[in-house]
Amino acid sequence: MPDSLPARLSASLSYDSAPAALGWLRAVDSEVVARQDGHDGRVTHAEVRMGEIVLMATIADDEHTVPPLRGVSSGSGLYLLLATAAGVDGWYPRAVDAGGRTVIPPENTPWGSRRARVLDPEGHEWSAGTHQPGQAW
């Protein structure tokens, strides 16, 4: 990679059932933009796009454990910034209807944003909200 390219952070999640995960991701407004299947037909690598965000998803190579919920967080998850409270309120039922599990239904926070949190069908924590990281509360 040339030194002139800025560093960027991308997220990657492993799933026991990558096809099912891709279905859930489509239900929450993602578009599958790349998919590579192995000789056995299993998803070896996929990329989904949500606006400017790209998430890499793959089949789990070996047994792994997704961090369990402790209270309202697993301590590890993804945050999806949405432009409006209506966007959060619309994302949440799609996520739950597609098989996600409610952790925090849509609510207004004490710091002035709107948020919701679900676990995807394999237990990965997803938060959606209007708080812009890097902005003062």
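All figures in this text were calculated on a predicted structure; none of them were measured in a lab.
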Working to the nearest 0.5 Å, report the span between [atom1] of [X] and [atom2] of [Y].
X: Met50; Y: Leu25; atom1: CE; atom2: CG; result: 5.5 Å
X: Leu82; Y: Thr84; atom1: CG; atom2: OG1; result: 7.5 Å
X: Leu55; Y: Leu78; atom1: CG; atom2: CG; result: 6.5 Å
X: Arg114; Y: Glu107; atom1: CZ; atom2: CD; result: 8.0 Å
X: Glu47; Y: Gln36; atom1: CD; atom2: CD; result: 8.0 Å
X: Glu125; Y: Ser73; atom1: CD; atom2: OG; result: 3.5 Å

Ignoring hydrogens and geometry, is there a side-chain-to-backbone donor-acceptor pair from [X] to [Y] under 3.5 Å?
X: Ser113; Y: Thr130; value: no
X: Arg42; Y: Ile59; value: no
X: Ser127; Y: Tyr79; value: no
X: His45; Y: Ala34; value: no
X: Glu122; Y: Ala21; value: no
X: Trp24; Y: Ala95; value: yes

Do you know which two heavy atoms are closest between [X] and [Y], and how far apart they sit?
X: Ser76; Y: Pro67; value: CB-CG, 4.2 Å
X: Val88; Y: Ala128; value: CG1-O, 3.9 Å
X: Pro121; Y: Ala98; value: CG-O, 4.3 Å
X: Ser14; Y: Ala60; value: CB-CA, 4.0 Å

Quick check: is [Y] connected to [X] through a chain of hydrophobic side chains (ILVMFWY, heavy atoms under 4.5 Å apart)?
X: Ile104; Y: Leu81; value: no
X: Val32; Y: Leu13; value: yes
X: Leu80; Y: Val66; value: no

**OP:** Pick out which of Asp120, Val28, Val103, Leu119 makes a side-chain contact (heavy atoms from CB on, under 4.5 Å) with Trp126.
**Re:** Asp120
**OP:** For Val43 and Arg35, run side chain to side chain contact (heavy atoms under 4.5 Å, CB included): C-alpha distance rounded to whole Å, both residues' side-chain angles, the deciding distance at 0.1 Å, then the answer.
**Re:** CA-CA 7 Å; Val43 178; Arg35 178 176 169 162; 3.3 Å; yes
**OP:** Taking the side chain as every heavy atom from C-beta outward, state whether Arg94 and Asp29 have any pair of such atoms under 4.5 Å apart.
**Re:** yes
Subject >> Val72 and Arg117: CA distance, side-chain angles, deciding distance, side chain to side chain contact (heavy atoms under 4.5 Å, CB included) verdict >> reply: CA-CA 8 Å; Val72 295; Arg117 183 172 297 150; 4.0 Å; yes
